[in-house]
Engineer: 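Quick one: the structure is below, questions incoming.
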Amino acid sequence: MSRIFITGSTDGLGLAAARTLMKEGHDVVLHARSRERASAISETSAAALGLVIGDLASATETRSIAEQVNAIGRMDAVIHNAGIYLERSRGETPDGHAKTLAVNVLAPYLLTAWITRPDRLVYLSSGMHRSGSSALDDIDWKKRPWNASQAYSESKLYIATLAAAVARHWPDVLSNAVDPGWVPTKMGGAGAPDDLEMGHLTQTWLAASDAEAAKVSGGYWYHRQRREAAAEAEVTDVGFQDALVGKLEGLTGVRLFAERG
């Protein structure tokens with residue numbers, strides 16, 4: 001039995017992953033953005049190990065989420081599932097960041113730094129990461145005209161790269177990125193063509209399975225098959241990893257790795 005924390009677990013893939021893991025006998029800690037969102041899953045949360053609340057768009061609330069999780073106890077795995085898709089505008093978080101960057105990248109970065117280090121980390125990427133730009137000079141969209149699709153694609157390139165960087169820096173942790181596919185969730189839309197079941201079963205497998213195939217690190221996965229990231233040159237490039245981590249450190253004021261390189 002494992003103890004697993006899942007961000008964004010009030011609906012979609014996060015909720016499906018939580019229910020699957022709980023059915024398998026694991027202890028799951030759920031996350032909701034607000035008390036209103038939490039009330040929608042009262043039946044599931046009643047059977048969970050715990051429920052933490054906080055908005056990932058805010059660094060202060062993200063810190064609170066980490067503290068709530070740590071108060072429950074050390075997790076065996078963390079699934080960084082939460083994400084937002086096509087935001088109409090750049091937005092402005094309480095910390096002055098683009099909302100897509102804050103929720104999809106900065107929050108997982110901060111939670112990775114602040115939550116007591118687990119044995120396994122799973123980060124949700126997307127096939128759209130292949131359209132992400134490797135230019136890091138304006139990742140917070142302060143200079144460029146807002147482009148929602150491009151911002152999302154870049155965020156998913158960054159999160160796949162962060163997963164690879166964690167795998168390199170923390171050899172005692174199994175860190176992997178997952179492309180769940182284009183699945184029919186609220187985010188993906190009813191017409192999405194991919195298998196909803198396989199959309200979350202890769203995350204649960206990497207987070208909890210004792211199968212040797214799941215006990216690896218530094219991978220990019222799609223439907224339990226290891227694949228090369230489409231932007232492999234960036235994701236696996238040590239220089240790009242370190243440049244991105246340095247950028248995230250500068251934006252958050254939080255250092256993830258004691259040493260780089």
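Numbers for residues simply follow the sequence, beginning at 1. The structure displayed is predicted, hence computed values, not measured ones.
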Engineer: If we only count heavy atoms from C-beta on, is the R33 to T10 side-chain gap below 4.5 Å?
Structural biologist: no
Engineer: Does a salt bridge link D137 with K247, judged by any charged N lying under 4.0 Å from a carboxylate O?
Structural biologist: no
Engineer: When you compare the side chain of L124 with that of Q203, does any pair of heavy atoms fall below 4.5 Å?
Structural biologist: yes
Engineer: S126 and Y220: which non-hydrogen atoms are nearest, and at how many Å?
Structural biologist: O-OH, 3.3 Å
Engineer: Kindly indicate whether the side chain of R168, heavy atoms from C-beta on, has any atom under 4.5 Å from the side chain of D242.
Structural biologist: yes
Engineer: Do T204 and H26 have side chains that get closer than 4.5 Å, going by heavy atoms?
Structural biologist: no
Engineer: If you measure from the Lys or Arg side-chain nitrogens to the Asp or Glu carboxylate oxygens, is any gap between K143 and D138 under 4.0 Å?
Structural biologist: no
Engineer: Do V122 and W205 belong to the same hydrophobic cluster, where Ile, Leu, Val, Met, Phe, Trp and Tyr are linked whenever their side-chain heavy atoms lie under 4.5 Å apart, directly or via other members?
Structural biologist: yes
Engineer: Is it true that S64 and Q68 share a donor-acceptor pair across their side chains at a distance under 3.5 Å?
Structural biologist: yes
Engineer: Determine, step by step, whether N70 and M75 satisfy the side-chain contact (heavy atoms from CB on, under 4.5 Å) criterion, reporting the C-alpha distance in whole Å, the side-chain angles of both residues, the deciding distance to 0.1 Å, and the verdict.
Structural biologist: CA-CA 8 Å; N70 290 337; M75 298 294 120; over 6 Å; no
Engineer: Are the ring centres of H129 and Y158 closer than 6.0 Å?
Structural biologist: no
Engineer: Would L110 and R63 satisfy side-chain contact (heavy atoms from CB on, under 4.5 Å), going step by step from the backbone distance to the final call?
Structural biologist: CA-CA 8 Å; L110 289 171; R63 179 78 190 205; over 6 Å; no
Engineer: Charged N to carboxylate O under 4.0 angstrom, K156 versus D179?
Structural biologist: no
Engineer: With T100, which of I84, L86, L106, T93 fulfils side-chain contact (heavy atoms from CB on, under 4.5 Å)?
Structural biologist: I84
Engineer: Taking all atoms of both residues into account, what is the closest heavy-atom pair of Q241 and A164, and its distance?
Structural biologist: NE2-CB, 3.6 Å
Engineer: Applying the 4.5 Å side-chain criterion to the ILVMFWY set and letting contacts propagate, would I65 and L30 be lumped into a single cluster?
Structural biologist: no
Engineer: Is the shortest distance from a Lys or Arg side-chain nitrogen in R74 or D119 to a carboxylate oxygen in the other one below 4.0 Å?
Structural biologist: yes
Engineer: Please report the C-alpha distance between H80 and T112 in whole Å, then the side-chain angles of each, then the deciding distance to 0.1 Å, and finally whether the side-chain contact (heavy atoms from CB on, under 4.5 Å) criterion is met.
Structural biologist: CA-CA 9 Å; H80 292 282; T112 301; 3.6 Å; yes
Engineer: Quick check on side-chain contact (heavy atoms from CB on, under 4.5 Å): which of L49, T7, I4 does V29 satisfy it with?
Structural biologist: L49
Engineer: Flag the pair T161 / F240 as yes when at least one side-chain heavy-atom distance between them is below 4.5 Å, and no otherwise.
Structural biologist: yes
Engineer: Identify the heavy atoms of N176 and G219 that sit nearest to each other, and give their distance.
Structural biologist: OD1-N, 2.8 Å
Engineer: Less than 4.0 Å between a side-chain N and a carboxylate O, is that true for E43 and R19?
Structural biologist: no
Engineer: According to a 4.5 Å side-chain heavy-atom criterion applied to Ile, Leu, Val, Met, Phe, Trp and Tyr, with indirect links allowed, do L21 and L201 form part of one hydrophobic cluster?
Structural biologist: no
Engineer: Ignoring hydrogens and angles, tell me if any N or O in the side chain of D76 forms a donor-acceptor pair with the backbone of R3 under 3.5 Å.
Structural biologist: yes
Engineer: Between S34 (side chain only) and R37 (backbone N and O only), is there a donor and an acceptor less than 3.5 Å apart?
Structural biologist: yes
Engineer: Between A207 and A77, what is the shortest heavy-atom contact and its length?
Structural biologist: O-CB, 3.5 Å
Engineer: Taking a hydrophobic cluster as the set of Ile, Leu, Val, Met, Phe, Trp and Tyr residues connected by side-chain heavy atoms closer than 4.5 Å, whether directly or through intermediates, do I6 and L15 fall within one such cluster?
Structural biologist: yes
Engineer: Rounded to the nearest 0.5 Å, how far does CD1 of I79 lie from CG of L121?
Structural biologist: 10.0 Å
Engineer: Among the clusters formed by ILVMFWY side chains lying less than 4.5 Å apart, do V178 and V216 turn up in the same one?
Structural biologist: yes
Engineer: To the nearest 0.5 angstrom, please state how far the NZ atom of K99 sits from the OG atom of S155.
Structural biologist: 13.5 Å
Engineer: Mark yes or no for whether S58, through its side chain, and D55, through its backbone, hold a donor-acceptor pair below 3.5 Å.
Structural biologist: no
Engineer: Of the non-hydrogen atoms in N147 and W141, which two are nearest, and what is the gap between them?
Structural biologist: N-CZ3, 3.6 Å
Engineer: Residues two or more places apart in sequence or in another chain: which of them pass side chain to side chain contact (heavy atoms under 4.5 Å, CB included) with D140?
Structural biologist: R90, H97, A98, L101, K142, L251
Engineer: Any side-chain heavy atom of F5 within less than 4.5 Å of one from P118?
Structural biologist: no
Engineer: Under the salt bridge (Lys or Arg N to Asp or Glu O under 4.0 Å) test, which residues partner E87, sequence neighbours left out?
Structural biologist: none
Engineer: Report the relative orientation of the aromatic rings in W170 and F257; use parallel for angles under 30°, tilted for 30 to 60°, perpendicular for over 60°.
Structural biologist: perpendicular
Engineer: So, H200 side chain and L13 main chain: donor-acceptor pair closer than 3.5 Å or not?
Structural biologist: no
Engineer: Would W114 and V254 satisfy side-chain contact (heavy atoms from CB on, under 4.5 Å), going step by step from the backbone distance to the final call?
Structural biologist: CA-CA 9 Å; W114 288 334; V254 173; 3.7 Å; yes
Engineer: Any side-chain heavy-atom pair from L56 and H31 closer than 4.5 angstrom?
Structural biologist: yes
Engineer: Testing the basics here: between L206 and W221, what is the closest heavy-atom pair and its distance to 0.1 Å?
Structural biologist: CD1-CD1, 3.7 Å
Engineer: Mind checking the CG-NZ spacing from D210 to K215? Nearest 0.5 Å is all I need.
Structural biologist: 5.5 Å
Engineer: A side-chain contact here means heavy atoms from C-beta on lying under 4.5 Å apart; do L256 and Y109 qualify?
Structural biologist: yes
